[in-house]
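A quick write-up on the structure given underneath.
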Amino acid sequence: MSTPDPLPFSLTLEVRDTCLCLHLQRAARAVARRFDIALRPFGLTNGQFSLLMSLNRPQPADMASVAALLAMDRTTLTANLKPLERRGLVAVAADATDRRRRRLGLTPAGRATLAAAVPAWRETHARLDRLVDDPGPEQLRAALRALS
């Protein structure tokens, strides 16, 4: 008498068809590729666009608030800031009241690059919104926010 296979192929099919994590990862990669292509003429990736946009504030942001907004740890944020800082798009400075803390802001070049990229972002976003017809883009965004 043989023992049942603890890892049958039917389990692979079940995961393929039902795993929310898998489907979110696949969708995230596909959406990221679309934005990467749209933002390439501006020398940005979708992640860099989001990072720059998170710095579009009246006052320079602190590392913790940007990391929280982007759902990344501070080490990853620092690594993602470096190329933008080298390109002169982001300024990193010590906080005026606590020299251990860092403040992040857009430079004039960063603002100009971001402003130039917004129409491409909007166009790509509109195309993606049209692909999501049921339950609709707003409901999808609400569901994704609930998961994050």
Side-chain angles (χ1 to χ4, degrees), residues 2-93 100-107 109-148:
S2 66
T3 58
D5 184 357
L7 203 56
F9 182 63
S10 61
L11 177 59
T12 299
L13 299 177
E14 176 187 348
V15 170
R16 179 200 67 191
D17 295 341
T18 63
C19 182
L20 187 58
C21 186
L22 172 64
H23 289 278
L24 283 169
Q25 288 173 335
R26 288 179 63 192
R29 287 186 199 104
V31 169
R33 274 192 303 273
R34 288 175 185 241
F35 280 104
D36 282 343
I37 291 166
L39 297 168
R40 188 174 298 139
F42 309 96
L44 297 173
T45 64
N46 74 84
Q48 290 171 330
F49 178 87
S50 295
L51 177 49
L52 290 174
M53 192 57 75
S54 76
L55 300 179
N56 185 35
R57 305 172 183 210
Q59 299 298 320
D62 63 88
M63 295 275 288
S65 68
V66 174
L69 174 68
L70 298 174
M72 63 175 58
D73 61 64
R74 291 171 72 158
T75 304
T76 303
L77 175 58
T78 299
N80 282 279
L81 282 167
K82 296 256 185 234
L84 297 172
E85 190 177 14
R86 280 192 301 270
R87 285 180 56 194
L89 304 179
V90 172
V92 180
R100 295 170 295 173
R101 294 179 66 191
R102 297 284 174 248
R103 292 284 175 174
L104 313 171
L106 292 173
T107 64
R111 290 184 62 79
T113 300
L114 191 56
V118 166
W121 174 86
R122 282 191 173 131
E123 182 181 317
T124 303
H125 212 278
R127 279 195 308 259
L128 288 168
D129 276 354
R130 287 190 294 274
L131 292 175
V132 182
D133 57 358
D134 186 26
E138 288 306 316
Q139 291 83 357
L140 176 58
R141 281 188 271 279
L144 293 173
R145 279 192 296 272
L147 292 173
S148 65

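Leu51 CG to Met72 CE: the interatomic distance, rounded to the nearest 0.5 Å, is 6.5 Å. The CG atom of Leu106 lies 6.5 Å from the CZ atom of Arg111; values are rounded to the nearest 0.5 Å. Within the model, atoms CE of Met53 and CG of Asn56 stand 6.0 Å from one another, a figure rounded to the nearest 0.5 Å.
Considering all non-hydrogen atoms of both residues, Ser54 and Leu69 come closest at CB-CD2, 3.5 Å.
Partners of Arg103 according to the side chain to side chain donor-acceptor pair (under 3.5 Å) rule, which considers only residues two or more places apart in sequence or in another chain, are Asp95. Under the side-chain contact (heavy atoms from CB on, under 4.5 Å) criterion, Ala61 pairs with Leu55, Arg57, Ser65, Val66, not counting sequence neighbours.
Judged by distance alone, with hydrogens and angles left aside, the side-chain atoms of Asp36 form no donor-acceptor pair with the main-chain N or O of Thr45 at under 3.5 Å.
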Tell me which donor-acceptor pairs under 3.5 Å the side chains of residues 22-35 have, and how far apart each pair is, sequence neighbours excluded?
residue: His23; atom: NE2; partner: Arg16; partner atom: O; Å: 2.9

Under 3.5 Å, sequence neighbours excluded: what are the donor-acceptor pairs made by side chains of residues 80-90?
residue: Asn80; atom: ND2; partner: Thr76; partner atom: O; Å: 2.7
residue: Arg87; atom: NH1; partner: Gly43; partner atom: O; Å: 2.5

Donor-acceptor list for residues 113-132 side chains, cut-off 3.5 Å, not counting sequence neighbours:
residue: Thr113; atom: OG1; partner: Ala109; partner atom: O; Å: 2.9
residue: Glu123; atom: OE2; partner: Arg127; partner atom: NH1; Å: 2.9
residue: Thr124; atom: OG1; partner: Ala120; partner atom: O; Å: 2.9
residue: Thr124; atom: OG1; partner: Arg127; partner atom: NH2; Å: 3.4
residue: Asp129; atom: OD1; partner: Arg141; partner atom: NH1; Å: 3.1

For this session: Check step by step if side-chain contact (heavy atoms from CB on, under 4.5 Å) holds for Met63 and Val92.
Result: CA-CA 10 Å; Met63 295 275 288; Val92 180; 5.7 Å; no
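Among residues at least two apart or in separate chains, there is no side-chain hydrogen bond (donor to acceptor under 3.5 Å, both in side chains) pair with a member in residues 5-15.
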